[in-house]
Amino acid sequence: MQNKEASQITNDEYSEDGIYNPVSEPLGESLSISQQARMASAPPYLDGLNDEQRKAILTIEGPLLVLAGAGTGKTRVLTTRITHILVTGKARPSEILSVTFTNKAAREMKHRIGSLMGGVVEGMPWLGTFHSICVKLLRRHAELVGLKSNFTILDTDDQIRLLKQIIEAEDIDAKKWTPRGLAALIDGWKNRALTPDQVPQGDAMIFANGRGAELYELYQSRLKILNAVDFGDLLMEAIRLLRENDDILHKYRNQFKYILVDEYQDTNVAQYLWLRLLARNDGNICCVGDDDQSIYGWRGAEVDNILRFEKDFISSTVIRLEHNYRSTQHILNAASHLIAHNEERLGKTLRPDAKDGEKVTVSNVWDSVEEARSIGEDIERRQRDGICLNEMAILVRTSSQMREFEDRFVTMAIPYRVIGGPRFYERMEIRDALAYFRAVLQPADDLAFERIVNTPKRGLGNATLGILRSHARSEQIPLMAATAELVDTEEVKPKPRKTLRDLLESFARWRSQIDTLKHTELAEIILEESGYTEMWQRDKSIEAQGRLDNLKELIRSMDGFENMQGFLEHISLVLDSESQADEAKVNIMTLHSAKGLEFDVVYLSGWEEGLFPSQRSLDENGRAGLEEERRLAYVGITRAKKQAKIYFANNRRIHGMWQSTTPSRFVDELPAKDVAVIDASNSNNYNQAISRFAAHDMKFGGSYSTPGWQRAKQKKPTQAKREPQILEGNLIASSSEEALDFMLGERIFHQKFGYGKIIQIDGNKLSIDFEKAGSKKVVASFVEKV
DNA sequence: GATCCATTTGTTTTT
DNA sequence: CAAATGGATC
């Protein structure tokens, strides 16, 4: 029954109300006879897979959770599973919904499915990021959620500028209540799929004295007028579309016979609800993830989604992939031992493929300068041993740590590349250029128009713009239309009037050329005639040339699209800077951007209290924050194939001030038997590396009596006045019960933020309106009664 | 309207 | 010690 015809008979499998009634093989743990038979004469794509992996691929009926530890072949399972579904004819490409978080992951999956299927496959139209799939749904059915199908997608920058306008228009002090803060709040609500009227009272209280929800609503109505959505809306509106339109919901439910979700531990509430709408709770949904690698809680990810899977989906199967093909024994032991300190986890044991290998090293250095030097020298040593620079990476907690390495590597002439950083489409020149294109194609795109109306400088300042804005608002028309009306009046001073008239003429001209010119040519003309290119040509700063290059690159990337419209529809979601991976270079990146990557040698820099775990995480999220930091450490260690090298410095410059630091608690959480302590004193006899592991390391020869480590340890009590340590004590001890002692409206004191009033209690988290610092969410244990 | 200086504020990042 | 604001000045 695995042929194309069978897969088309969808209605037989559904009762009238759309409930899925599987008629084929039984669900559950054991493989059916047909599956076993298939395994006997296993198809080539199953070659070289272990038992768990095969089971994860072949168990295609019913809900399945695959807990895939680091380096266990997660992507391979996912892609082979899709291949299996296609090859056996269970579904056609358009009947498989497969979601990832990043475009990169989606691209890689498409690529790998292609090679598994052996050559050309009919594209997978529903393989993509949550956001791009939602865009696809919304463009098809835009009118059902009050949009036009050519709606614009605003990025964070547009979003913040829009919010700023709203805040100012509402006469709220934008200094105390920043647009950025409101954006974060609204994002948080959207991550939880809350519409303005669903925002909890207390939540709304923490912005502008309770006007949070009201501003959110204003923002939403403003977006509708602009025919725009922000990233959060893509999910929200898609949910609304499916909830409010039964026919559409059923159409897609029936269409998607198989659903696959990558990185399930990173899904937020909105994404979860979206999935629940499309998958029945006994449907064929396969979620792959690793609770130990959930590091995006601060951006709305709910680890709880993965922890709850078995309760959410009835008669679900859970498969653990524990066979690690990446790292050596010592590295895995170190990572496992560390992560075992977390309480909230499903638990997995990683088994190595390769035995032994080198121990994880811990090095103590005097300061960040020495750290960079020491790592630099080690890199040179490894390079001489024949390891390629591409196979080495330095992982840092915060991007501010990167500079030190860059400086050092420049002087040492070690080629490096920084991964992460501003993305291609976030660069100023790209966004400016896109704003021009948007304004040409969509005259009602106020945000685009406003962005470029005075870029390059045309002598149009706040005064003129203010006139335009207020006219637009009073007439309820877009800015560009308002401008058109005003250039024929005396409202605007003669000089700017002429400028604006010229600008409008240019736009009209460009618009008239849309159909006659090739879109790439038109793009060039727009940038040329607007004076934008010239602006950068005149600019003598170092970056100017790079910006011009980026603009050329932008035009080149337009070539792949039919027309400018098509280009703009996809650009905000898809365009990214595919950095050159050609030459051999050491990689420098944050721990976050390292997820999913692997290297022979990994240098883990800055394992110091306050930096890693980050003080702020601890302050704001208490134990959950600490556990997320620990998962970050776990992610860091498990990136290493052959060698993981941990460093901590005694002194580090924080906000420009040198501060002495203590080793991260994570260092203490490593298993001594898998760790070697490196004596850095051979390169700097001022300082000696040390540790409590001294006893274990005697045989390796070293001087291990007192120095930094013990001194560092002793520093803790004497440093008790400094926030970190005190807080830590409380933090671990505190639990939700303690928070119950507080009452709404109570006046309290916080070490960092001063006096304030409690406006909301949420477990052990308090929302407080501070007299000086504005509203903050803090952990109850940091707060004192007064 | 543009430019310069002072003040402030500092994670992590995808879409 | 930066970068990124914002206000004050030209």
Side-chain angles (χ1 to χ4, degrees), chain A residues 99-106 128-135 153-160 164 174-176 178-181 184 187 190-191 229-236 238 263 266-268 270-271 294-301 368 395-404 407 419-423 425-426 454 456-466 493 495-496 499 570-576 589-596 606 610-621 625 628-629 631-633 635-636 652-659 752 773:
Chain A
V99 277
T100 62
F101 272 85
T102 64
N103 291 306
K104 195 179 155 202
T129 62
F130 277 101
H131 297 268
S132 61
I133 289 171
C134 286
V135 171
I153 301 162
L154 303 187
D155 56 31
T156 328
D157 223 64
D158 294 321
Q159 200 185 345
I160 285 176
K164 191 176 174 192
K175 255 197 247 153
K176 196 178 173 193
T178 63
R180 198 169 270 287
D187 268 351
K190 289 187 177 174
N191 283 338
V229 293
D230 62 23
F231 287 124
D233 281 338
L234 291 175
L235 262 300
M236 292 274 287
E263 307 278 19
D266 287 339
T267 49
N268 60 33
Q271 288 156 342
S294 160
I295 55 176
Y296 287 111
W298 48 274
R299 128 185 141 186
S368 48
L395 308 187
V396 295
R397 176 62 241 265
T398 75
S399 20
S400 55
Q401 290 170 257
M402 292 180 177
R403 244 191 96 150
E404 203 99 55
D407 290 349
I419 298 196
R423 323 195 81 248
Y425 80 94
E426 275 170 7
N454 198 31
K457 303 256 185 298
R458 299 191 172 92
L460 301 167
N462 263 328
T464 314
L465 224 57
K493 290 206 203 98
K495 224 203 225 149
T499 315
H570 289 273
I571 207 65
S572 48
L573 287 173
V574 178
L575 189 65
D576 47 16
M589 68 189 92
T590 62
L591 286 161
H592 284 92
S593 41
K595 194 169 86 159
L611 178 63
F612 187 42
S614 137
Q615 190 56 51
R616 196 157 158 184
S617 271
L618 266 41
D619 286 354
E620 286 171 8
N621 296 304
E628 182 155 313
E629 293 285 305
R631 291 193 290 268
L632 208 43
V635 167
R652 191 169 292 271
R653 202 162 25 188
I654 296 162
H655 303 332
M657 301 256 284
W658 281 101
Q659 297 199 330
K752 203 183 270 173

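What's counted below: heavy atoms across the whole structure, side chains too, no hydrogens, waters or symmetry copies. Chain A is the first sequence line, chain B the second, and so forth, proteins listed ahead of strands; every chain is numbered from 1.
Between the C1' atom of dT13(B) and the CD atom of E628(A) lies a distance of 12 Å, rounded to the nearest Å. In this structure, R180(A) places its CZ atom 13 Å from C1' of dT11(B), rounding to the nearest Å. The NE2-P distance, from H655(A) to dG10(B), rounds to 8 Å in whole Å. Counting to the nearest Å, the C1' atom of dT13(B) and the CE atom of M402(A) are 12 Å from each other. Rounding to whole angstrom units, CG of residue L632(A) and P of dT13(B) are separated by 10 Å. Protein atom CG of D155(A) is 10 Å distant from nucleotide atom C1' of dT15(B), rounded to whole Å. Summarising the geometry, the separation between CG on L235(A) and C1' on dT15(B) is reported as 9 Å, rounded to the nearest angstrom. Regarding N621(A), its CG atom lies at a distance of 15 Å from the P atom of dT11(B), rounded to whole Å.
Comparing dT3(B), dT12(B), dT15(B) by their nearest atom to the side chain of K457(A) picks out dT3(B). Looking at the side chain of R299(A), the nearest of the listed nucleotides dG10(B), dT14(B), dT12(B) is dT14(B). Among the nucleotides dA2(B), dT13(B), dT15(B), the one closest to any side-chain atom of N454(A) is dA2(B). Distances were taken from every side-chain heavy atom of T129(A) (C-beta onward) to each of dT11(B), dA2(B), dT15(B); the shortest belongs to dT15(B).
Atom CD of Q401(A) and atom CZ of R652(A) lie 5.0 Å apart (nearest 0.5 Å). Distance check, rounded to the nearest 0.5 Å: CH2 of W298(A) to CZ of R616(A) gives 11.0 Å.
Residue-level contact check: E629(A) touches the bases, meaning some heavy atom is under 4.0 Å from a base atom. Among the heavy atoms of the strands lying under 4.0 Å from S617(A) is at least one base atom, whether or not backbone atoms are also near. Counting any heavy atom pair closer than 4.0 Å across all strands shown, D266(A) reaches no nucleic acid atom. Counting any heavy atom pair closer than 4.0 Å across all strands shown, S614(A) reaches a base atom. Nucleic acid contact for S399(A): sugar-phosphate only, since backbone atoms but no base atoms lie under 4.0 Å from a heavy atom of the residue. Nucleic acid contact for G461(A): sugar-phosphate only, since backbone atoms but no base atoms lie under 4.0 Å from a heavy atom of the residue.
With DNA chain B read from its 5' end, the first of the two nearest nucleotides for F231(A) and L460(A) is the one closest to L460(A). Comparing R458(A) and S593(A), the nucleotide of DNA chain B nearest to each residue sits closer to the 5' end for R458(A).
Contact check, S132(A) against dT15(B): no side-chain N or O comes under 4.0 Å of OP1 or OP2. For N191(A), no side-chain nitrogen or oxygen approaches OP1 or OP2 of dT15(B) to under 4.0 Å.
Every residue meeting the salt bridge (Lys or Arg N to Asp or Glu O under 4.0 Å) condition with E628(A), not counting sequence neighbours, appears here in chain and number order: R631(A). With sequence neighbours excluded, the residues satisfying salt bridge (Lys or Arg N to Asp or Glu O under 4.0 Å) with D230(A) are K190(A). Under the side chain to side chain donor-acceptor pair (under 3.5 Å) criterion, T267(A) pairs with N305(A), sequence neighbours left out. Contacts of R458(A) classified as salt bridge (Lys or Arg N to Asp or Glu O under 4.0 Å), with partners at least two apart in sequence or in another chain: none. Annotation: ring pair (Phe, Tyr, Trp, His ring centres under 6.0 Å) contacts of F130(A) (sequence neighbours excluded): F101(A), W274(A).
Side-chain contact between P613(A) and L618(A) is present, with heavy atoms from C-beta onward closer than 4.5 Å.
A stacking contact between F101(A) and dT15(B) is absent: the pair does not combine a ring-centre distance of less than 5.5 Å to the base's six-membered ring with planes differing by less than 30°.
Scanning all heavy atoms of the two residues, the minimum distance from F612(A) to G606(A) falls at CB-O, 3.6 Å.
A nucleotide of DNA chain C counts as in contact with chain A when one of its atoms lies under 4.0 Å from a heavy atom; the first and last such, 5' to 3', are dC1(C) to dG7(C).
Comparing the C1' positions of dT5(C) and dT12(B) gives a spacing of 22 Å, expressed to the nearest Å.
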